[in-house]
Amino acid sequence: EIRNLMFVFEDIKAVDDRGIRELLKEVSNEELTTALKGASDELKTKFFKNLSERASNMIKEDLEIMGPVKLSEVEAAQQNIVKVVRRLEDEGRIVVARGSGDVFV
């Protein structure tokens with residue numbers, strides 16, 4: 001339970017590609033772009049490879065031309081996306097691998 005509560009935006013790396021695509025259906029490109037402003041390159045790559053080439057290029061371009069964004073705005077967007085991940089996990093629509101052997105492949 002504690003691990004569940006400590007789930008942060010960067011932990012989305014533990015979601016498989018199918019789960020990322022499911023998540024992307026629920027999140028606006030604008031919110032994703034804001035959230036990715038403060039994300040690691042590894043996480044950005046994970047999202048980009050699950051978007052269409054056109055959508056991926058649009059978000060990359062938006063990130064490049066986007067000026068400074070308040071940390072509070074980035075964190076709010078990231079928290080909203082984390083809430084969506086938790087909801088989708090509760091609904092059984094995605095699986096978050098937590099490294100505790102709770103996922104069978």
Side-chain angles (χ1 to χ4, degrees):
E1 265 186 62
I2 292 172
R3 218 176 311 130
N4 231 357
L5 296 172
M6 291 175 38
F7 187 85
V8 295
F9 187 69
E10 281 294 319
D11 294 336
I12 293 174
K13 291 182 284 198
V15 177
D16 66 2
D17 288 344
R18 188 185 63 73
I20 293 290
R21 288 189 294 273
E22 194 69 32
L23 172 62
L24 288 168
K25 292 177 191 173
E26 305 276 329
V27 176
S28 73
N29 283 354
E30 183 180 323
E31 186 158 55
L32 179 62
T33 303
T34 302
L36 289 178
K37 186 78 173 169
S40 68
D41 289 342
E42 183 183 355
L43 185 57
K44 288 177 186 175
T45 300
K46 180 135 184 135
F47 276 107
F48 292 148
K49 77 177 189 177
N50 285 290
L51 286 162
S52 69
E53 187 177 343
R54 189 173 145 270
S56 176
N57 287 336
M58 263 180 31
I59 291 176
K60 286 177 186 174
E61 193 175 297
D62 287 348
L63 280 169
E64 285 177 24
I65 62 173
M66 182 185 277
V69 179
K70 289 181 184 173
L71 181 60
S72 59
E73 289 178 31
V74 172
E75 289 174 342
Q78 290 179 347
Q79 277 306 111
N80 286 338
I81 292 173
V82 166
K83 285 179 189 170
V84 174
V85 169
R86 285 188 178 134
R87 179 175 54 79
L88 292 173
E89 185 180 31
D90 288 346
E91 293 171 0
R93 293 169 57 191
I94 66 172
V95 174
V96 178
R98 291 198 168 76
S100 59
D102 58 352
V103 178
F104 295 98
V105 179

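Both backbone and side-chain heavy atoms feed into the values below; hydrogens, waters and symmetry mates do not.
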Just to verify, what does [X] make a side chain to side chain contact (heavy atoms under 4.5 Å, CB included) with, not counting sequence neighbours?
X: Glu42; value: Lys13, Ser40
X: Glu91; value: Arg87, Leu88, Arg93
X: Lys49; value: Asp17

Kindly determine whether Leu23 and Val15 satisfy side chain to side chain contact (heavy atoms under 4.5 Å, CB included), including the steps that lead there.
CA-CA 10 Å; Leu23 172 62; Val15 177; over 6 Å; no
For Lys83, give me all partners under salt bridge (Lys or Arg N to Asp or Glu O under 4.0 Å), at least two apart in sequence or on another chain.
none
Sequence neighbours excluded, which residues qualify as salt bridge (Lys or Arg N to Asp or Glu O under 4.0 Å) partners of Arg18?
none
If you look at every heavy atom in [X] and [Y], which pair is closest and at what distance?
X: Lys46; Y: Ile20; value: CE-CG1, 3.7 Å
X: Arg86; Y: Phe7; value: NH2-O, 3.5 Å
X: Ala35; Y: Ala77; value: N-CB, 3.8 Å

Given side chain to side chain contact (heavy atoms under 4.5 Å, CB included), test Val96 with Asp11 step by step and report yes or no.
CA-CA 9 Å; Val96 178; Asp11 294 336; 5.9 Å; no
List the atom pairs, donor and acceptor, that lie under 3.5 Å between side-chain atoms in residues 52-60 and the rest of the protein, sequence neighbours left out.
residue : atom : partner : partner atom : Å
Ser52   : OG   : Ala55   : N            : 3.1
Asn57   : ND2  : Glu53   : O            : 3.3

Other hydrophobic cluster members with Val74, side-chain heavy atoms of Ile/Leu/Val/Met/Phe/Trp/Tyr under 4.5 Å, chained?
Met66, Val69
Taken to the nearest 0.5 Å, the spacing of Phe47 CZ from Leu24 CG works out to 6.0 Å
Indicate yes or no: does Glu22 engage Lys25 in a salt bridge with an N to O separation below 4.0 Å.
yes
Keeping Glu89 on the side-chain end and Ile94 on the backbone end, is there a donor-acceptor pair under 3.5 Å?
no
Contact list for residues 27-37, test side chain to side chain donor-acceptor pair (under 3.5 Å), sequence neighbours left out
Glu31-Asn80
Qualifying salt bridge (Lys or Arg N to Asp or Glu O under 4.0 Å) pairs, either residue in residues 63-77, two or more places apart:
none
